[in-house]
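To keep things clear, I will list the structure first and then write my remarks on it.
Naming convention: chains lettered A, B, ... in sequence-line order (proteins, then strands); numbering from 1 in each chain.
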There are 2 protein chains.
Amino acid sequence: MIRVLIADDHNVFVEGIESLITGAPDIKVTERCYTVQSVIERLGQAAVDVILLDISFPQVDDGLGLCEHITRSYPKTKVVALTMHDDASLIKRVVKKGAKGYLLKNTTKNELLQAIQTVYHEKQYFNDTIMHILLNEGPKTRKSTAGVGVKPNLTPRESEVLTLIAQGLTTQQMATQLFVSAKAVEFHRSSLLLKFGVPNTALLIKSAMEMHYID
Amino acid sequence: MIRVLIADDHNVFVEGIESLITGAPDIKVTERCYTVQSVIERLGQAAVDVILLDISFPQVDDGLGLCEHITRSYPKTKVVALTMHDDASLIKRVVKKGAKGYLLKNTTKNELLQAIQTVYHEKQYFNDTIMHILLNEGPKTRKSTAGVGVKPNLTPRESEVLTLIAQGLTTQQMATQLFVSAKAVEFHRSSLLLKFGVPNTALLIKSAMEMHYID
DNA sequence: TAAAAATTTAGGGAAAACCCTATATATGAA
DNA sequence: TTCATATATAGGGTTTTCCCTAAATTTTTA
């Protein structure tokens, strides 16, 4: 019997998934969690084989962090990411955090059950839709060279500057806030444009939002 | 018996909602639609009392358009919007399109059933969460004066310019494409900044994305 | 430790965005 | 038919962004 934990802050989803799973002979939903905190608590108390994890939980960063934590602390427990987001960039990030499977929320019952059984048997599960998305987004990012659709790796400083740009600050204001010269800020902004492959800050924000760097 | 149509392109959701509704004595899910097209088809063939409509179907604009179409063509059929988006701007837009209720996807079984019964009896249903969101967003937009969190009404030209900005075009490029002078484009860009209450195009894009003008 | 990556600063310059005032026409509503 | 709105255009000016080359310091990684 495969023990499944459902982690999603959307009530309807938890019910829906459980409803889809009900009837499968070898799978049982043993835990339902609506917050990151409760997931951590339950994992400390009850053994779980597979976690169906909504990445937006409630924010994408939370889900990614939780995914990383789970795969580190409980390597035997397999994480299947379950989201609405169908962008390659997010899929790659999720996989990097240790998820063994990735499903869109418009998945079918069969796919869901198959995914649970596949990851339970130490294999990865990515269906055709996911593979198609990944393949159509060009080569996987190795270093962080420019390229459309490739998720760049940002340095800490770049992340800071990106956040401040998203708050509407000018170069001068950022420089003041970060205690560096305007030229330093300009440099990081340029690096961001290069890494994201965009011509200006407007598209930088758009791209960063689509790739869930900011929100 | 209240006949309910579920319109959502996310399989799991349809199952989840149906599971939540099952057991209610006076409500029955009679139709399940995964595309806008199928909703229109089914409505032409079978009488439905309440539609649970996912606004992101698959894009926000599609859902809004469908909502408007339903309330126009089938005034007896009540629409309850059901989405993940918890921004006041979207709620207002949905209500303007004729929805009689608005639920977040983290709603509970009780709220869901209550919403269906409430709108069926010719009343509007908005729970505390929704009311709180609306109240915290300041006064409802009457004209389109500037203001944070208020959803501006855009003129056709402004929408065009906004779209082009979101594509990374410069003022000159937009002018060429729209067959007007650069000054005209500048004017519309300024109007957009004013209406959205933002200092630059970067935040304009962020704001427009959050308010689902672009995506 | 040596190499690579990240961070910082600098100068100069071109392009674009942003802000102001002003005018004029077309359209639709009161 | 006014009034308001949307649209288009103009001039002039300031600020900001964007691009280039260049170099020094610190941190991280191999």
task = Compute both the distance and the angle, then confirm whether B:K78 meets the cation-pi test with B:Y120: under 6.0 Å from the six-membered ring centre, within 45 degrees of the axis.
result = no
message = Just the rounded figure in Å: distance from C1' of D:dT7 to NZ of B:K195.
response = 12 Å
remark   = Regarding the side chain of A:V180, the nearest nucleotide among C:dC18, C:dT9, C:dT7 is C:dT9
message = What's B:S191 touching, base or sugar-phosphate or nothing? Going by heavy atoms closer than 4.0 Å.
response = nothing
inquiry  = Both B:A182 and B:E186 contact DNA chain D. Taking the nearest nucleotide for each, which residue is further toward the 5' end?
reply    = B:A182
request  = Calculate the interatomic distance between B:Q173 atom CD and C:dA15 atom P; express it in whole Å.
outcome  = 13 Å
query = Roughly how many Å is it from CZ in A:F187 to P in C:dG11, rounded to a whole number?
reply = 17 Å
ask   = Is the distance from OP1 or OP2 of C:dA15 to the nearest side-chain N or O of B:T170 less than 4.0 Å?
value = no
note = Out of D:dT7, D:dC18, C:dT8, minimum distance to the side chain of A:A184 belongs to C:dT8
remark   = Between A:Q173 and A:G168, the two heavy atoms sitting closest are OE1-O, 4.2 Å
message = With side-chain contact (heavy atoms from CB on, under 4.5 Å) as the test, pick out the partner of A:R3 among A:D49, A:T77, A:I27, A:V50.
response = A:D49
query = Under 4.0 Å between a side-chain N/O of B:H188 and OP1 or OP2 of D:dA6, yes or no?
reply = no
note = B:L204 CG to C:dC18 C1', in whole Å, measures 13 Å
Touch class at under 4.0 angstrom, heavy-atom based, for A:Q172 against every strand present = nothing
task = Would you mind reading off the distance between B:K183 atom NZ and C:dA17 atom C1', rounded to a whole angstrom?
result = 11 Å
ask   = Atom CE of A:M174 to atom C1' of C:dT7: distance rounded to whole Å?
value = 16 Å
key: Atom pair OH/CG of A:Y125 and A:L103 - distance to nearest 0.5 Å   = 6.5 Å
Distance in angstrom units between A:L162 CG and C:dA6 C1', rounded = 17 Å
key: d(CG, A:L192; P, D:dT17) in whole Å   = 13 Å
ask   = Would you say a side-chain N or O of A:S190 is under 4.0 Å from OP1 or OP2 of D:dT17?
value = no
task = Using modelled atom types only, decide if a donor and an acceptor are shared between the side chain of B:T71 and the backbone of B:E68 within a distance under 3.5 Å.
result = yes
